[in-house]
Structures are given as C-alpha cells and as structure tokens.
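Here the structure comes first, spelled out in structure tokens, and everything after it is commentary.
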Number of protein chains: 2
Amino acid sequence: MKIATWNVNSIRTRQDIVANWLQQNNIDVLCLQETKVIDKDFPRTRFEELGYHVYISGQKAYNGVAIFSLTPLTEVSAGFTPIIGDHAEDFDLQKRVITGVVGDIRLVNLYVPNGGDIANDKYKYKLQWLKLLKEYLKTFQEKEEYQMCVCGDFNIALEDRDIYNAQGTEKHIMSSPTEREALKEVLSIGLQDAFRKFTSETGHFSWWDYRAAGFQRDRGWRIDHHYLTSELYQKANNCWIDREPRKLVKPSDHAPVIVEIA
Amino acid sequence: MKIATWNVNSIRTRQDIVANWLQQNNIDVLCLQETKVIDKDFPRTRFEELGYHVYISGQKAYNGVAIFSLTPLTEVSAGFTPIIGDHAEDFDLQKRVITGVVGDIRLVNLYVPNGGDIANDKYKYKLQWLKLLKEYLKTFQEKEEYQMCVCGDFNIALEDRDIYNAQGTEKHIMSSPTEREALKEVLSIGLQDAFRKFTSETGHFSWWDYRAAGFQRDRGWRIDHHYLTSELYQKANNCWIDREPRKLVKPSDHAPVIVEIA
DNA sequence: GAACCCAGTG
DNA sequence: CACTGGGTTC
C-alpha cells in the first residue's frame with residue numbers, strides 16, 4: 001500500500017500535474033496540502049474519475065487539505081475540534097487538518113503553519129498549533145486501537161541533514177531550535193520518521209523555493225514527512241521522494257513523498 | 001508595402017503570437033495598441049532580432065502604443081503635445097498616440113479611448129479626444145507634404161455593416177451617433193477607409209468580445225482601421241483582416257488588419 | 001473573459 | 001517566484 005503526501009500549492013492550478021502523476025504511479029492514498037480552494041470549487045470529479053474517493057477541507061485562497069483514497073475512508077473528520085473540543089476552535093479557522101481510517105490505519109493529513117519568521121506572531125501560532133496537535137494525536141491513541149500515519153507538510157526540517165546548507169539554521173524558520181523541539185514533543189507520543197528508516201545521508205529534499213533558482217541549484221529542504229507508530233514503522237518497505245513533478249513547467253514548489261507499507 | 005495594425009492586449013502576454021505572426025507574414029510596418037507596459041519592460045529585443053526598428057510609448061497596465069518598422073522611421077513623436085502644444089497635455093497622460101515617417105508616408109498609430117458607455121464621463125473624454133485628434137492631423141497637413149496613414153484601434157464601428165448585429169447600435173458604445181459623427185469630423189480632413197475600397201459587404205470584423213463565445217459565434221465588430229489620404233488611398237492594392245491569430249490559444253480579442261500599398 | 005495592479009502568504 | 005482574491009478596464 002502506497003501513501004503519498006504532496007503540497008500542491010493550489011489544486012486548481014495543479015490538477016493536470018496531479019492527475020497525470022496519479023495515473024503513472026500506483027498510489028492508494030494521496031494526502032494534499034495547500035489546495036487553496038473552497039469545497040464547492042474543488043475539482044473533485046476529475047479525481048473521482050480516476051477511481052479515488054475524495055475528502056476535502058478547504059478555504060478560500062490559503063491552506064486547505066484533502067485526501068484521495070482508492071478505498072473509502074471511515075471515521076473522517078476535519079480540524080482539531082471534533083476530536084479535542086471547542087478550545088481548539090480558533091485554530092480550526094484555518095483548514096490544516098483532515099483525518100480518516102483506511103484498514104487498520106488512522107491517517108492524519110496536516111498542513112503545519114509556516115510561521116513567517118521567528119520574530120513573527122505567526123511563529124507563536126505555529127508553536128501553539130503544534131501543542132494542540134500533540135493533544136489531538138494523543139486523544140486518538142487513548143480512544144482507538146489504530147496504528148497511525150501522520151503525514152503532510154510540517155514546515156520543519158528536524159535535522160541539519162534535511163537542509164542543503166546548515167548555515168544559519170538557528171535563526172531560520174523551519175529549522176529553529178524551538179520549533180524543532182515542539183515537533184519532537186509531538187513525535188514523543190511514539191512516532192518515527194519513515195524516510196529515515198531507509199536513507200541516512202543528506203541531499204534528499206521535498207521542497208525548493210521558487211526564488212533564486214532553488215530547484216536548479218538543489219537548494220532544498222526536507223519538510224514533508226510521514227511519521228508512523230511503531231507497528232506501522234516496522235511494516236514500512238520503502239519511503240522516497242519523487243522529484244520528477246518538480247521538473248515540469250509550472251510545478252508546485254514541493255515534490256510528493258511516498259511511503260510503502262507491507 | 002504592408003502596413004498592419006493590431007491591438008494585442010498586452011505585448012508581454014502576446015509576444016510569442018506576435019513574433020510568430022511577423023515571421024509568417026511579410027509585414028513592413030506593424031502598429032500595436034494596448035501594449036500595457038512601461039517602456040523599460042517592453043520586450044524590444046525580441047522584435048529587433050526579427051529585423052524591426054522599435055518605437056514605443058507605453059505606460060503601466062493600460063493603453064500603450066508601438067510601431068515596428070523594417071526601415072527606420074524619421075520624425076517620430078508620441079502624444080498630441082509635441083505637435084499641437086501644451087493644451088493637450090492632460091490627454092497625453094494616457095499613451096495613445098505615436099507617429100513617424102516611412103518613405104513619403106506620415107504614419108499615425110492610435111488607440112482611441114473606449115468610452116465605457118454613453119452615459120459615462122469616459123464617453124465625454126472620448127469625444128474631446130477625437131476633437132484633439134482632428135487638430136493634430138490638420139497640423140501635420142498644414143506643415144508637411146506627406147501622405148498620411150492613420151491607423152489603429154478606433155473603438156468605433158462607423159456603419160451598421162461593421163457590426164454583426166445592428167440592433168441597439170444607437171445606445172451602444174462604439175456605434176452611437178455622436179461618436180460616429182465625431183469620427184466623421186476627423187475623416188473630413190481628407191481620409192478614406194482603406195478596407196471599404198475593396199470590400200462592401202458586412203461580416204468582416206476585427207474585434208470579438210472574449211465573453212459569451214463572441215468569436216465562435218462570429219459576433220464581431222470592425223473597429224480597427226486604416227484611414228488614408230487620397231493619393232495613398234489610390235495606391236492601396238488590398239486591405240484585409242487576418243482572423244487566424246484570433247483562433248490561437250490565449251489570443252488577443254482583436255485580429256490584425258493589413259493594408260498593402262503599391 | 002481576460003488583461004492589468006496590489007496586497008498578502010510562503 | 002508564484003499562488004489567491006479584489007478592484008478596474010475593455
């Protein structure tokens with residue numbers, strides 16, 4: 001079973017690229033971020049025609065997440081609130097979380113806030129959001145028996161080997177110590193990085209800035225992840241980044257990442 | 001000698017279409033309107049590489065005119081003011097006029113104001129502008145011996161046969177009686193419509209609205225013209241509209257019009 | 001319907 | 001650099 005995650009930076013702009021990619025790769029589940037569209041305008045039939053069940057939680061212009069799955073999902077919900085209650089309401093104004101169950105896997109698809117820069121109010125928002133995320137995931141663990149696959153665009157490179165150049169990481173958004181700690185705190189509930197089960201060296205990235213020819217010069221960051229609970233981590237066969245769609249004309253700035261489960 | 005006029009609705013968006021068209025047609029002079037770009041950002045080298053001398057008068061976002069010529073132009077100027085003086089200054093804030101001399105022809109390239117609708121202040125502006133245009137053209141006639149070719153997007157269909165459907169022309173911008181009279185007043189200095197020397201019937205248009213499938217249904221207007229002084233009018237061999245570029249993807253809403261002079 | 005600008009986000 | 005939406009023009 002192949003579960004992919006891909007920040008598409010607008011599903012309407014990228015629908016040809018995504019549809020072609022799905023037809024060329026045997027993907028069971030695709031988790032999308034930054035769909036940037038309200039639900040009524042999501043090009044859902046385009047993907048249903050390819051055999052996928054489509055689950056979406058979008059808003060206008062920003063954020064937005066979706067899951068495409070060949071088999072129907074159960075226990076689908078969007079946002080923190082349905083799981084942890086009303087104190088998360090403010091954070092659900094931005095559509096960044098969608099979840100459902102496939103087989104014995106609780107799939108959680110995330111678009112973690114970027115944070116702007118570390119002197120920004122948005123950075124505080126990111127840290128608070130990660131706190132809620134931990135509460136959210138723990139709630140699932142307490143009330144369910146499913147293994148978990150928590151994937152998406154985390155906007156965090158956990159280690160220096162996840163960045164093309166480790167200079168200045170301390171002050172840089174996506175690599176500063178406080179956000180790295182906040183993410184480790186989330187992972188402490190028992191989640192492991194599927195990609196690092198198979199590949200230890202640097203030079204593997206999932207995002208390259210549009211600016212300054214970032215992709216051509218391979219100035220990338222690995223910020224899109226699959227974090228798995230232990231049983232699922234054991235079953236993972238492979239995990240890789242597909243750079244091909246990043247080479248096309250008008251690409252997303254992110255490449256899809258795929259994990260294969262036995 | 002072939003002189004073409006073409007409202008390209010942004011030269012930056014249309015540069016491939018225009019360059020290909022120039023390579024496939026032996027055009028000596030091309031008059032462009034709605035270039036929509038300030039002079040420093042005009043893609044001038046693209047057309048110089050095709051052998052053209054490039055003369056431009058542009059502004060940001062709106063209007064803008066240009067002339068491409070295989071032979072250099074002389075006595076080039078932009079706007080009314082250099083010819084008729086400071087009282088036209090306000091009208092030169094919008095870049096709608098450029099002129100130069102090729103051989104024995106004074107070429108005048110115009111982008112006449114659209115006017116919005118007939119109850120609009122912009123309609124008054126259009127009428128005042130046409131008054132200045134007459135003064136401008138007469139000034140050339142008084143101080144020069146050149147024949148004149150006055151061409152461009154006039155935003156006026158002079159007769160009902162120039163419109164796909166003559167219903168409601170009286171109240172419609174581009175065909176209302178007052179603006180038609182204002183244009184006839186300009187032509188009264190001795191200018192004749194090159195296109196009508198060769199073609200009398202209706203069904204020949206140079207502009208089709210992007211909306212409501214205007215081109216597919218051939219709901220067009222003939223608003224792009226070459227007006228010639230009598231000697232030049234005698235020498236005109238042919239005048240036609242090339243609809244081909246209007247069929248391409250992402251076309252201008254106007255088609256080029258070409259006059260051939262013996 | 002399709003250009004443009006501008007502001008906001010990444 | 002590239003997305004979105006909102007305003008404006010034709």
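Naming convention: chains lettered A, B, ... in sequence-line order (proteins, then strands); numbering from 1 in each chain.
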*Identify, between A/Ile38 and A/Asp209, the residue whose nearest nucleotide on DNA chain D lies closer to the 5' end.*
A/Asp209
Given [options], the nucleotide with the shortest approach to the side chain of [X]:
| X | options | result |
| --- | --- | --- |
| B/Arg211 | D/dT9, C/dT9, D/dC10 | D/dC10 |
| A/Lys122 | C/dG1, C/dT9, D/dC10 | C/dT9 |
| B/Asn9 | C/dG8, C/dA3, D/dT9 | C/dA3 |
| B/Thr13 | C/dT9, C/dC4, D/dC3 | C/dC4 |
| B/Ser10 | D/dG5, D/dC10, C/dA3 | C/dA3 |
| B/Tyr210 | D/dT4, D/dT9, C/dG1 | C/dG1 |

Would one find a side-chain N or O of [X] under 4.0 angstrom from OP1 or OP2 of [N]?
| X | N | value |
| --- | --- | --- |
| A/Arg12 | D/dG5 | yes |
| A/Lys36 | D/dA2 | no |
| A/Lys250 | D/dA2 | no |
| A/Lys60 | D/dG6 | yes |
| B/Arg14 | C/dA2 | no |

*Which word best sums up how the rings of B/Phe154 and B/Tyr227 line up, parallel for under 30°, tilted for 30 to 60°, or perpendicular for over 60°?*
perpendicular
*If you measure from the Lys or Arg side-chain nitrogens to the Asp or Glu carboxylate oxygens, is any gap between A/Lys95 and A/Asp39 under 4.0 Å?*
no
*Between A/Asp16 and A/Arg46, is the closest basic N to carboxylate O distance under 4.0 Å?*
yes
Measure the distance from [atom1] on [X] to [atom2] on [N] and round it to the nearest whole Å.
| X | N | atom1 | atom2 | result |
| --- | --- | --- | --- | --- |
| B/Asp153 | D/dC10 | CG | C1' | 10 Å |
| A/Trp207 | C/dG10 | CH2 | P | 12 Å |
| B/Tyr123 | D/dT9 | OH | C1' | 19 Å |
| A/Arg96 | C/dT9 | CZ | P | 11 Å |
| B/Asn63 | C/dA3 | CG | C1' | 13 Å |
| A/Leu32 | D/dC3 | CG | P | 16 Å |
| B/Gln59 | C/dC4 | CD | P | 14 Å |
| B/Asn114 | D/dT8 | CG | P | 17 Å |

*Are B/Asn9 and B/Lys36 close enough that a side-chain donor and a side-chain acceptor fall under 3.5 Å?*
yes
*Judged by modelled atom types alone, do B/Tyr62 and B/Gln94 share a side-chain donor-acceptor pair under 3.5 Å?*
no
*asked:* Counting the atoms with a prime plus P, OP1 and OP2 as sugar-phosphate, which does A/Tyr111 contact under 4.0 Å by heavy atoms, base, sugar-phosphate, or nothing?
replied: sugar-phosphate
*Are there more than 12 heavy atoms of other residues, nucleotides or ligands under 6.0 Å from atom CD of A/Glu48?*
yes
